Amino acid sequence: MADADNTSATPANNDGTEDPTKSIHAELGLNSSVLRVVAGEKEAIEKPVKQKVDLQSLPARAYLDQTVVPILLQALSTLAKERPPSPIEYMAAYLLKNKSQFEDKQ
């Protein structure tokens, strides 16, 4: 039982040596999910930021093209493939379910 208490909490590489990065992360209490979030945030920062257009100043066609046309085209395509018995309800449910994918692109 004394042997179990003496084992290192530091993860080891396949060759038996300690991985210094993992030991630092373990000491700081960072697990893999936190590290993935941090990596995602770093990628988001590095991506060029598009300037947001004032939607109120756009002509009607440009406003619709930037806000609802992309999700409507996707919804209509899916609707044509699926051909549900209640197409309006299906379309409404599709728009609500998938709106988060398109809101970020505006």
Side-chain angles (χ1 to χ4, degrees):
M1 196 167 204
D3 291 337
D5 293 336
N6 291 335
T7 58
S8 173
T10 305
N13 290 330
N14 290 339
D15 60 0
T17 61
E18 290 185 9
D19 183 351
T21 308
K22 289 184 181 179
S23 65
I24 292 169
H25 292 159
E27 287 177 22
L28 296 173
L30 300 175
N31 60 24
S32 61
S33 62
V34 172
L35 295 174
R36 280 193 303 270
V37 170
V38 170
E41 292 295 323
K42 284 181 182 177
E43 287 178 22
I45 291 171
E46 292 171 358
K47 290 181 182 177
V49 178
K50 291 183 181 178
Q51 292 181 351
K52 293 208 174 198
V53 178
D54 182 22
L55 295 176
Q56 300 299 321
S57 66
L58 293 174
R61 175 72 185 255
Y63 170 76
L64 294 173
D65 284 344
Q66 288 190 11
T67 56
V68 295
V69 169
I71 192 170
L72 287 176
L73 289 174
Q74 192 77 26
L76 289 170
S77 175
T78 304
L79 187 67
K81 290 176 189 170
E82 298 292 325
R83 299 187 183 251
S86 307
I88 295 173
E89 289 178 18
Y90 183 91
M91 176 81 102
Y94 182 93
L95 293 173
L96 290 171
K97 178 181 175 189
N98 295 290
K99 71 178 185 173
S100 63
Q101 296 174 18
F102 293 89
E103 286 176 334
D104 297 336
K105 296 179 183 179
Q106 295 178 10

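What you see is a predicted model; the values in this text were computed from it and never measured.
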Non-neighbouring partners of Tyr90 that pass side-chain contact (heavy atoms from CB on, under 4.5 Å), sequence neighbours left out: Thr78, Leu79, Glu82, Pro84
Heavy-atom count around Leu96 CG within 6.0 Å, excluding the residue itself: above 12? yes
For Ala92, all residues meeting side-chain contact (heavy atoms from CB on, under 4.5 Å), sequence neighbours excluded: none
May I ask you to test the Leu58-Gln66 pair for a side-chain heavy-atom distance under 4.5 Å? yes
Set of residues satisfying salt bridge (charged side-chain N to carboxylate O under 4.0 Å, His left out) with respect to Arg61, sequence neighbours excluded: Asp65
Taking the side chain as every heavy atom from C-beta outward, state whether Pro70 and Gln74 have any pair of such atoms under 4.5 Å apart. no
Which pairs count as salt bridge (charged side-chain N to carboxylate O under 4.0 Å, His left out) when at least one residue sits in residues 88-98, sequence neighbours excluded? none
Applying side-chain contact (heavy atoms from CB on, under 4.5 Å), name anything that partners Leu95, two or more places apart in sequence or on another chain. Ile71, Leu72, Ala75, Met91
